[in-house]
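For ligands, and for the atoms within them, numbers begin at 1 and follow the listed sequence. Numbers here simply count residues along the sequence, with the first being 1.
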Amino acid sequence: MLERFSKWKANLTAADLPDHQVEEGNLPQHVAIIMDGNGRWAKKKGLPRIAGHREGMKVVTKIVRTSSDIGIEVLTLYAFSTENWKRPKKEVDYLLGLPERYLSAELPKLIKNNVQVRLMGTTEHLPDHTLKAVEKAIKDTKHNTGMILNFALNYGSRFEMLEAVKSIGKQIERGELKADTLTEEHIHAQLMTSQLKDPDLLIRTSGEIRLSNFMLWQLAYSEFWFSDILWPDFKEKDFLEAIAVYQKRKRRYGGV
Ligand code: FPP
């Protein structure tokens, strides 16, 4: 991983670098991003909201590439929440078309870069074309051993926890588990991230300081980095800045 980092850094100019230096070691292994501000970006420019989402997709391309280049192990992107169904149908349709658009352009590059695509969320109500595109990407990249690109699509943390509780309840009913001996590991095993390490770093753009039903269990000990930048304006340099700031934090996990 360090060799990969040095190679990546050698290709940068001073203008690409953030104010703070990203160090070779101590990279966050799992970065999760709430990509917020597409609508406001579009409004500021007098454009329809979907123009903001289209621009946001271009930023996804760049951040995925940078994350994989520097050696991030898992990148989770909040692409569509269980609450986003409340938006106008036209916007919902557009948002749910983005994974297919993105993957039709990027899948060959993801394969070449050894990226593994995963999906986190419920497939219920997702349009067939979206599901097909994502399932194809998962299948075509399942033997890749590089970065995991985890799309949170139709994802909500409370829904995820509710499903976990139901599943544990059934195991108790069947006599496979006892309520008194339940551990955090049992809960972890039922979450959609059971195969993943918890995020080390959460990034949210656009100046909103909240979690919006995103990975509430998994973010218990993550470092948070909030930025006023609207997602379509978010640059690789800003992403690296978040990582550099993370690297300066002292994580104590409740200890001293
Ligand atoms: C929140 O901004 C953003 C979303 C609900 C969608 C984010 C989606 C992308 C950035 C593109 C996803 C790309 C792929 C490949 C899946 P908002 O619309 O709530 O912005 P606002 O708060 O300014 O209105």
*Asks:* Can a donor-acceptor pair be found between the side chains of Trp217 and Asp198 at a distance below 3.5 Å?
*Replies:* no
*Asks:* Asn84 heavy atoms, cut-off 4.0 Å: which ligand 1 atoms fall inside?
*Replies:* 5 (C)
*Asks:* At a 4.0 Å threshold, what atoms of ligand 1 neighbour a non-hydrogen atom of Gly39?
*Replies:* 17 (P), 18 (O), 20 (O), 21 (P), 23 (O), 24 (O)
*Asks:* Verify the distance criterion only: is there a donor paired with an acceptor across the side chains of Arg118 and Thr76 at less than 3.5 Å?
*Replies:* no
*Asks:* If the plane angle is over 60° it's perpendicular, under 30° parallel, otherwise tilted; pick one for Phe226 and Phe224.
*Replies:* perpendicular
*Asks:* Going by distance alone, is a donor N or O of one side chain under 3.5 Å from an acceptor N or O of the other, for Gln247 and Glu223?
*Replies:* no
*Asks:* Where does the angle between the aromatic ring planes of Phe214 and Tyr78 fall among parallel (under 30°), tilted (30 to 60°) and perpendicular (over 60°)?
*Replies:* parallel
*Asks:* Which of the numbered atoms in ligand 1 are under 4.0 angstrom from any heavy atom belonging to Leu95?
*Replies:* 6 (C)
*Asks:* Taking a cutoff of less than 4.0 Å between a non-hydrogen atom of the residue and any ligand atom, is Ser206 in contact with ligand 1?
*Replies:* no
*Asks:* Only heavy atoms of His53, strictly under 4.0 Å: list the atoms of ligand 1 that pass.
*Replies:* 18 (O)
*Asks:* Below 4.0 angstrom, N of the basic side chain to O of the carboxylate: do Glu135 and Lys132 qualify?
*Replies:* no
*Asks:* Can His143 and Gln116 be counted as having a side-chain donor-acceptor contact under 3.5 angstrom?
*Replies:* no
*Asks:* Starting from atom 11 (C) of ligand 1, what is the nearest protein heavy atom, named by residue and atom, and what distance separates them?
*Replies:* Leu98 CD1, 3.7 Å
*Asks:* For atom 2 (O) of ligand 1, what's the nearest protein heavy-atom neighbour? Residue, atom name and distance, please.
*Replies:* Asp36 OD1, 3.2 Å
*Asks:* Atom 15 (C) of ligand 1: which protein heavy atom is closest, and how many Å away?
*Replies:* Tyr102 CB, 3.3 Å
*Asks:* Among all protein heavy atoms, pick out the one at the shortest distance from atom 22 (O) of ligand 1; state its residue, atom name and that distance to 0.1 Å.
*Replies:* Arg40 NH2, 2.9 Å
*Asks:* Using a cut-off of 6.0 Å, state whether more than 12 heavy atoms not belonging to Lys248 lie near its atom NZ.
*Replies:* yes
*Asks:* Give the atoms of ligand 1, by number and element, whose distance to some non-hydrogen atom of Ala79 is under 4.0 Å.
*Replies:* 6 (C), 7 (C), 8 (C), 16 (C)
*Asks:* Quick one: does any side-chain atom of Asn213 pair with a main-chain N or O of Arg158 as donor and acceptor, under 3.5 Å?
*Replies:* yes
*Asks:* Could you check His30, Arg251, Gln29 and say which one makes a side chain to side chain donor-acceptor pair (under 3.5 Å) with Asp200?
*Replies:* Arg251
*Asks:* Checking a contact table here: which protein heavy atom is nearest atom 13 (C) of ligand 1, and how many Å away?
*Replies:* Val60 CG2, 3.8 Å
*Asks:* List every atom of ligand 1 that sits less than 4.0 Å from any heavy atom of Trp231, numbering the atoms from 1 in the order shown and giving each element.
*Replies:* 10 (C)
*Asks:* Tell me whether Asn38 has any N or O atom under 3.5 angstrom from an N or O of ligand 1.
*Replies:* yes
*Asks:* Please state which protein non-hydrogen atom is closest to atom 3 (C) of ligand 1 and give its distance, to 0.1 Å?
*Replies:* Met35 O, 3.1 Å
*Asks:* Tell me whether Met57 has any N or O atom under 3.5 angstrom from an N or O of ligand 1.
*Replies:* no
*Asks:* Can you tell which part of Lys43 has a heavy atom less than 4.0 Å from ligand 1: side chain, backbone, both or neither?
*Replies:* neither
*Asks:* Considering only NZ, NE, NH1 and NH2 on the basic side and carboxylate oxygens on the acidic side, decide whether Arg40 and Glu208 come within less than 4.0 Å.
*Replies:* yes
*Asks:* Given Arg101, Glu208, Arg87, identify the one with the heavy atom nearest to atom 19 (O) of ligand 1.
*Replies:* Arg87
